[in-house]
> 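Okay, here's the structure, questions in a sec.
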Amino acid sequence: MGEKMGHAIMVALPYQGHITPYTNLAIKLASKGIVVTFVHLEFIHHKLPQPDPFSMPRDSGLDIRYTTISDGFPLDHDREDDNYWESMFQHFWIRVDEFVGELIRSEPDLAPFLVTDTLFTWQTPVADRHNLLKVSFWTEPALVFSLAYHVQLLRQNGHFPCKDHVEEEIDYVDGVKSMNTKDLMPYLKESGTRSLVHRVEMKAFEEVKKADFILHNTVYELESETLSALNKIQRNYAVGPISFSKNLSAYAVSRSLWSESDCSEWLQSKPPGSVLYVSFGSFLQASKHVVGEIAYGLVLSRVSFVWVMREDADLPSGFRDEIKERGLVVPWCDQIRVLSNPAVGGFLTHCGWNSVLESMWCGVPMICYPLDYDQPTNRKLVVDDWKIGINLCEGECVEREEVSEKTDEFMNGGVSERLRQELKKVGAKLHQALESDGSSEANFDQFVKDLKAKLAG
Ligand code: UDX
């Protein structure tokens, strides 16, 4: 009897910044001859602009089956609330467990395995009950992974939980070049230890140590030392940036949870490189004070800008009148399309990892204003290590005068030219990694080979 075909079971973590790379991972797996069952939570399914996000890839011959699972809450439940996540953290695995059990029973001729976002913390209980291989997908830089992975080592050195305002060097994590504790993720700091995010991350990093394979949405050449050091402990594969994998765009999958405003006509009227794109991602909002200072700073400056604002209630009244045709505020857009537009010359970003990768890919220098999670650590990579971005402000406070000076200098002075030179080198690594002989392609193929061998064994 022939070998059974691999069957990836994938339940998406319900956040835009996770859905996008995870969706792309599903297509990539299917393009390697693996059957994929892709599951969205019901409430996410109801937000999607199209009823089946995978109909195009399926028409092109990929075997991706799409379905939904309930999180046990009514569709209109407030999911911003920590209680929701507390409940998901404790109980959601039971629903997944039932779902996976039924799915496996209905497909006896396939060889199932579980692919989860590293931050969805139920991988082990579900996989072990059904005797499945575990693939963990990490959507942030390897540096962040390594720091969270080595939390016990940080503890031994007095850096976990790290006192909030202490600035000391971390120079003892294999593969991590010396860095300051101020750049640690906030959930590793004392003030962050009571948060649910802290508990989720801690649990996630207990779980990931039991994974059979770990996929990273990064590029080996960008973070080679960190990845090599991790590889000495567990099998890690850098396969990013997954969103730009060859032929993916041909499948026309909609990944956005909100409808996208078309900015191209507005951008067309602007000179090349003159527009600052401003976005703080999909789910964290900068505080009203910060939004106000940035808004006033942009008014004082001379730059043109596109600003993505999910809720624009925090914008100062009269802001739209003051900026007139110099600024465009939209609730959501196709970010990659905007970053690829020749009119865009800079990105004021919160440093979410997808945004950083997209900016690097499109050759757009960044002004960084990290909000939370991995973003302060990502900022260090962008500004201090790779020198492809600058900080929006040097202290913790954002002042409108500083915003205005920084953005003017960034968009019109020599700053962005210097950053662009570095971007060329970094961007080339990303593009090269996805060539047919590039490292990410090779790593993905190696992963599929190793996976198939383990499934067969
Ligand atoms: C968080 C973490 O900080 C990040 O590192 C992790 O990978 C995901 O969760 P998030 O706030 O979601 O980040 O930001 P980011 O990672 O940048 O992802 C946002 C995504 O939304 C990007 O892919 C971006 O292209 C997309 N986006 C954003 C749009 O498509 N349109 C918009 O208008 C704004």
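Worth saying up front: this structure is predicted, and the values here are computed from it rather than measured. Read the numbers this way: they start at 1 and go in the same order the structure lists the ligands and their atoms. Reckoned from all heavy atoms, side chains included, excluding hydrogens, waters and symmetry mates.
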> Nearest protein heavy atom to atom 16 (O) of ligand 1, by residue and atom, and its distance?
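For atom 16 (O) of ligand 1, the nearest protein heavy atom comes out as Asn354 ND2, 2.8 Å.
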
> Tell me whether Glu86 is salt-bridged to Arg199, with the criterion being a basic N under 4.0 Å from an acidic carboxylate O.
yes

> Between Val308 and ligand 1, which part of the residue brings a heavy atom under 4.0 Å of the ligand: side chain, backbone, both or neither?
side chain

> Nearest to atom 11 (O) of ligand 1, what protein heavy atom do you find, and at what distance?
His350 NE2, 2.9 Å

> Cation-pi between Arg79 and Phe43: NZ/CZ under 6.0 Å from ring centre and within 45° of the ring axis?
yes

> Under 3.5 Å, N or O to N or O, is Glu358 touching ligand 1 that way?
yes

> Give me the nearest non-hydrogen protein atom to atom 12 (O) of ligand 1 as residue plus atom name, then the distance to 0.1 Å.
Gly17 CA, 3.3 Å

> What residue and atom, counting heavy atoms only, is the protein's closest point to atom 7 (O) of ligand 1, and at what distance?
Thr139 O, 3.0 Å

> Would you tell me which option among Gln335, Arg337, Arg310, Glu140 has the nearest heavy-atom contact to atom 28 (C) of ligand 1?
Gln335

> Establish, yes or no, whether a centroid distance under 6.0 Å links the rings of Tyr237 and Phe444.
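Distance test on ring centres: not under 6.0 Å, no.
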
> For Cys333 and ligand 1, does the shortest N/O to N/O distance drop below 3.5 Å?
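By distance alone, the answer is yes.
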
> Once you restrict to heavy atoms under 4.0 Å, what part of Asp374 touches ligand 1? Side chain, backbone, both or neither.
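Side chain only; the backbone of Asp374 stays clear of ligand 1.
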
> Of all the atoms in ligand 1, which lie at a distance below 4.0 Å from a heavy atom belonging to Trp353?
4 (C), 5 (O), 7 (O), 16 (O)

> To the nearest 0.5 angstrom, please state how far the CD atom of Gln335 sits from the SG atom of Cys362.
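Reported to 0.5 Å precision, the distance equals 9.0 Å.
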
> Taking the six-membered ring for Trp and the full ring for Phe, Tyr or His, determine whether the centres of His18 and Phe120 are under 6.0 Å apart.
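No.
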
> Is Lys387 salt-bridged to Glu422, cutoff N-O under 4.0 Å?
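No.
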
> For ligand 1, find out whether one of its N or O atoms is nearer than 3.5 Å to an N or O atom of Gln16.
no

> What pairs with His77 under ring pair (Phe, Tyr, Trp, His ring centres under 6.0 Å), at least two apart in sequence or on another chain?
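Checked His77 against ring pair (Phe, Tyr, Trp, His ring centres under 6.0 Å); matches are Phe73.
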
> Would one find an N or O of Asp334, backbone or side chain, under 3.5 Å from an N or O of ligand 1?
no

> Looking only at N/O atoms, are Thr20 and ligand 1 under 3.5 Å apart anywhere?
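Between Thr20 and ligand 1 (N or O atoms, distance only) the closest approach is not under 3.5 Å.
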
> With a 4.0 Å cut-off on N to O distance, would you call Lys182 and Glu167 a salt bridge?
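Salt bridge flag = no for Glu167 with Lys182.
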
> In ligand 1, which numbered atoms sit nearer than 4.0 Å to a non-hydrogen atom of His18?
8 (C), 9 (O)

> Are Trp93 and Trp122 an aromatic pair by the rule of ring centers under 6.0 Å?
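Between Trp93 and Trp122, the centre distance exceeds or equals 6.0 Å.
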
> Can we call the ring centroids of Phe145 and Phe205 under 6.0 Å apart?
yes

> Is Trp332 in contact with ligand 1, taking contact as a heavy-atom separation below 4.0 Å?
yes

> Is Asp183 salt-bridged to Arg379, cutoff N-O under 4.0 Å?
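Looking at Arg379 together with Asp183, the answer is yes, because their closest N to O distance falls below 4.0 Å.
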
> Please classify the Gln375 to ligand 1 contact at 4.0 Å (heavy-atom distances, strictly less than): side chain, backbone, both or neither.
side chain

> How far is atom 17 (O) of ligand 1 from its nearest protein heavy atom, and which residue and atom is that?
Ser355 OG, 2.5 Å

> Pull out every atom of ligand 1 sitting under 4.0 Å from any heavy atom of Ser282, numbered as shown with elements.
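Answer for ligand 1: 11 (O), 12 (O).
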
